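Since the structure comes first, as structure tokens, the remarks are kept for the end.
Sequence positions, counted from 1, serve as the residue numbers for this chain. No experiment lies behind these values; they were computed from the predicted model shown.
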Amino acid sequence: MSMERVTLRTGSSMISCLLRFLFLCTLATARPSILLQQSSVLNPQVIAVATPEEKVPGNNNATFCAIPKEQQLFQVEFLDIAPSPIPVDQFFFIFLRGNVPDEYGLDYANLRLTSYAKLADGRELGPDTHVIPLTTTSFADNAHLGIRNPRGAYRGTLNPGRNDVLGDFMIISWFLRTGYYTFRAEATLPDGRHLFCYQMSQWLDGDD
């Protein structure tokens with residue numbers, strides 16, 4: 001295997017960590033109103049629709065997950081995902097803005113990313129969960145996560161007050177199996193309290 005292919009595989013694996021959010025979920029924790037009927041899983045035109053009170057504000061197809069939004073410390077202003085639905089083999093961008101109170105442990109917040117899929121051939125993939133620090137970092141040439149303050153300056157971790165959480169990613173179809181994917185992104189403090197928990201589902205076309 002060539003070094004270029006190894007690099008691509010490593011980068012794609014890290015992106016899978018990030019998406020498996022935003023993003024954002026398992027059906028075991030999703031509310032019935034946002035679950036897709038199994039009979040329509042193989043139809044890429046069918047997308048789960050959340051009720052207005054469940055949807056995360058902004059231009060996205062995300063909903064609040066099983067953690068009541070009143071218990072989520074990060075007070076979201078909006079979550080924008082573009083393009084939406086998420087494409088493959090090209091960059092997409094995530095822009096989350098909101099306010100967080102002055103809580104102990106913001107410097108050590110973690111982001112738990114869970115994904116699973118119902119593949120086009122009927123098989124199930126996952127659930128697969130990864131935990132990463134919620135910090136400004138570069139995972140690969142095609143995967144970056146950043147945290148920005150109200151003045152536009154980037155910083156390492158969340159601080160009390162307004163924060164922008166920004167991401168740019170690319171899903172490479174060469175590593176992807178075609179199917180209906182569900183993702184959950186769950187940010188927590190060291191004591192287990194939730195900063196935010198969002199989930200979304202969509203069809204993705206792989207190179208199979």
In one Ile/Leu/Val/Met/Phe/Trp/Tyr side-chain cluster, 4.5 Å: Ile86, Leu125: yes
Determine whether Ser201 and Tyr180 make a side-chain contact, defined as any pair of heavy atoms from C-beta on separated by less than 4.5 Å. yes
Rounded to the nearest 0.5 Å, the CG atom of Leu158 sits from the OG1 atom of Thr135 at a distance of 9.5 Å
Measure from the ring center of Phe196 to the ring center of Phe64 and say whether it is less than 6.0 Å. no
Which heavy atom in Gly156 sits nearest to a heavy atom in Ile147, and how many Å separate them? O-CD1, 3.8 Å
Tell me if the aromatic rings of Phe92 and Phe169 count as close, with their centers under 6.0 Å from one another. yes
Tightest non-hydrogen contact, residues Asn142 and His144, listed as N-CE1, 4.3 Å
So, applying side chain to side chain donor-acceptor pair (under 3.5 Å) with Ser173, which one of Asp89, Asp207, Thr178 is it? Asp89
Residue pair Leu134 / Ala187: nearest heavy atoms and the distance that separates them: CD2-CB, 4.1 Å
Donor-acceptor contact below 3.5 Å, side chain Gln202 vs main chain Thr182: no
Does some side-chain heavy atom of Thr136 sit less than 4.5 Å from a side-chain heavy atom of Leu145? no
Ile81 and Met200: side chain to side chain contact (heavy atoms under 4.5 Å, CB included), yes or no, with the steps? CA-CA 11 Å; Ile81 302 175; Met200 63 176 288; 3.9 Å; yes
Of all heavy-atom pairs linking Trp203 and Ala120, the shortest is CH2-CB, 4.1 Å
With no hydrogens and no angle check, is any side-chain donor or acceptor of Asn59 less than 3.5 Å from a backbone partner on Asp80? no
Just checking Phe91: does its CZ atom have more than 12 heavy atoms from other residues, nucleotides or ligands closer to it than 6.0 angstrom? yes
Distance-only side-chain donor-acceptor flag, Ser115 / Asp128, under 3.5 Å: no
To the closest 0.5 Å, what do you measure between CD (Gln199) and OG1 (Thr63)? 4.0 Å
Within a reach of under 6.0 Å around CZ of Arg177, are more than 12 heavy atoms found that belong to other residues, nucleotides or ligands? no
In this structure, NZ of Lys55 is separated from OH of Tyr198 (nearest 0.5 Å) by 11.5 Å
Scanning both residues in full, the closest heavy-atom pair of Gly105 with Pro190 reads O-CD, 3.5 Å
How close do Gln90 and Pro83 get, counting heavy atoms only, and between which atoms? NE2-CG, 4.0 Å
Membership question, hydrophobic clusters at under 4.5 Å side-chain separation (ILVMFWY): are Leu166 and Leu106 in the same one? no
Is a donor on one side and an acceptor on the other found under 3.5 Å between the side chain of Gln72 and the backbone of Ile67? yes
ILVMFWY network linking Phe95 to Val76, side-chain heavy atoms under 4.5 angstrom: no
Here's a test for you: under side-chain contact (heavy atoms from CB on, under 4.5 Å), which of Leu79, Val165, Asp164, Asn163 qualifies with Arg97? Asp164
For the residue pair His194 and Glu186, confirm or rule out a side-chain donor-acceptor distance under 3.5 Å. yes
Less than 4.0 Å between a side-chain N and a carboxylate O, is that true for Arg193 and Glu103? yes
